[in-house]
Protein chains: 2
Amino acid sequence: MSDTDLGALAVELRLACMRISRRVRFEAQDDEWHIPPHQFSVLARLDKADATPSELAEAEKVSAPSMTRTVAGLVEAGLVARRAHPGDRRAVVLSLTGSGRELLTQIRARRDQWMSSRLADLSEEELRTLAQAAPLLAKVAAR
Amino acid sequence: MSDTDLGALAVELRLACMRISRRVRFEAQDDEWHIPPHQFSVLARLDKADATPSELAEAEKVSAPSMTRTVAGLVEAGLVARRAHPGDRRAVVLSLTGSGRELLTQIRARRDQWMSSRLADLSEEELRTLAQAAPLLAKVAAR
DNA sequence: TATTGTTATACTCTATAACTATA
DNA sequence: TATAGTTATAGAGTATAACAATA
């Protein structure tokens, strides 16, 4: 593939991904389960593994005081629990509560429903093409 | 394609698009040309067509006072210009300045460069698959 | 009267600096 | 001394309510 073709493909793919991402965030919101993006991002990270506030701050690229505030909101909402760090009494370990995990599941389900409803408009052949492309996009996203 | 296959495809595509979008926004930033997301979004909209503050507020789904503030920042930075609305002396029309258009071009170029560099790791066959998928993703993004 | 745009005010999320407790 | 986390304070972004000018 020529450089110009690859550049044109990059433009088309980037725009499509960013537009889909934006529409998912805006259109798959639910008044009842709505939380701000920075809180959602922390929930998703804690779903993968428990973490300390400083680990979260570094991963999310925000300051420690910002993360203190974000975590305080999540704890107050009953979505995240603190416990003592085994072996370092300065630190705390954060984990999802049952409610936190449930909220995350529901938000993801709504987002996936949005995507499914968009895909439902495509033909079988178009879906087969996207099914071949999906792992490649995942590879791009994963670095 | 079965409903469960379609659901799994929706999950995989949505996650990949959101991750790519996030990485483009974070990793294609330039200290010199950096502007916050809400300002970028307004610049991109004015690139398509001139608009009044109230039109922008509705399109961006923010309040009129928020858009007043955002536009004030862009005007002060020399990226957007105001002019009188022909025929309605209450309203103003906003448009990109040369600097605004140039900034937009540079930010988009950096984002596309990020995407191109990711695609460069793929094989010719993988790129052909993505080239077939790109217009389908664009269709999904456009509704 | 209704609409466009702004100002007044308050709440949230961001940051840096300074503090407490512990390593 | 250095590190984990919080508190103090300030700078942007958001919103609703109230205002001025114009339709």
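Here is the naming used below: chain letters follow the sequence lines, and residue numbers restart at 1 for every chain. When reading the values below, keep in mind they use all heavy atoms of this one structure, side chains included, and skip hydrogens, waters and symmetry mates.
Straight-line distance from the CZ atom of B/Arg83 to the C1' atom of C/dG5: 17 Å, rounded to whole Å. Taking atom CD1 on B/Ile35 and atom C1' on D/dA12, their separation rounds to 15 Å, with Å as the unit. At whole-Å resolution of the value, CZ in A/Arg69 and C1' in D/dT9 are 12 Å apart. The distance from atom CG of B/Leu74 to atom C1' of D/dA12 is 14 Å, rounded to the nearest whole Å. C/dT12 atom C1' lies 15 Å from atom CE of A/Met67, rounded to whole Å. One interatomic measurement links the two molecules: CD of A/Glu58 to P of D/dT3, which rounds to 13 Å at whole-angstrom precision. Taking atom CG of residue B/Leu56 and atom P of nucleotide C/dT4, one finds them 13 Å apart after rounding to whole Å. For B/Asp88 and D/dT22, the CG to C1' distance is 7 Å, given to the nearest whole Å.
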| task | For the pair B/Arg83 and B/Asp50, evaluate side chain to side chain contact (heavy atoms under 4.5 Å, CB included) and give the outcome as yes or no after the intermediate values. | result | CA-CA 10 Å; B/Arg83 66 171 186 274; B/Asp50 293 355; 3.1 Å; yes
| task | Verify salt bridge (charged side-chain N to carboxylate O under 4.0 Å, His left out) between A/Arg22 and B/Glu60, making sure each step is shown before the conclusion. | result | CA-CA 12 Å; A/Arg22 183 187 175 93; B/Glu60 297 290 327; 3.5 Å; yes
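Of the inter-residue distances, the one linking A/Leu79 atom CG with A/Gln39 atom CD reads 7.5 Å to the nearest 0.5 angstrom.
Distance from the side chain of A/Arg90 is smallest to D/dT3 among D/dT3, D/dA23, C/dT6. Minimum atom distance to the side chain of A/Val62 is reached by C/dA15, of the listed D/dG5, D/dA12, C/dA15.
Contact annotation for B/Arg89: backbone-only contact, meaning every heavy-atom pair under 4.0 Å involves sugar-phosphate atoms and none involves a base. Counting any heavy atom pair closer than 4.0 Å across all strands shown, B/Pro65 reaches a base atom. Within 4.0 Å (heavy atoms only), A/His38 reaches sugar-phosphate atoms of the nucleic acid but no base atom. Within 4.0 Å of A/Ser66, counting heavy atoms only, lies at least one base atom of the nucleic acid.
In this model, the phosphate group of D/dA4 is not approached by any side-chain N or O of A/Thr52 to a distance below 4.0 Å at OP1 or OP2. When the side-chain nitrogen and oxygen atoms of B/Thr68 are compared with OP1 and OP2 of C/dT6, one or more of them lie within a distance under 4.0 Å. In this model, the phosphate group of D/dA17 is not approached by any side-chain N or O of B/Ser63 to a distance below 4.0 Å at OP1 or OP2. Regarding contacts with the backbone of D/dT6, a side-chain N or O of A/Arg82 is found under 4.0 angstrom from either OP1 or OP2.
Residue order along DNA chain C, read from the 5' end via each residue's closest nucleotide, puts B/Ala91 first among B/Ala91 and A/Lys61.
Contact of the B/Thr70 side chain with the B/Val62 side chain is not registered, since no non-hydrogen atoms from C-beta on lie closer than 4.5 Å.
Residues A/Ile107 and A/Met115 do not share a hydrophobic cluster, defined by chaining ILVMFWY side chains whose heavy atoms lie under 4.5 Å apart.
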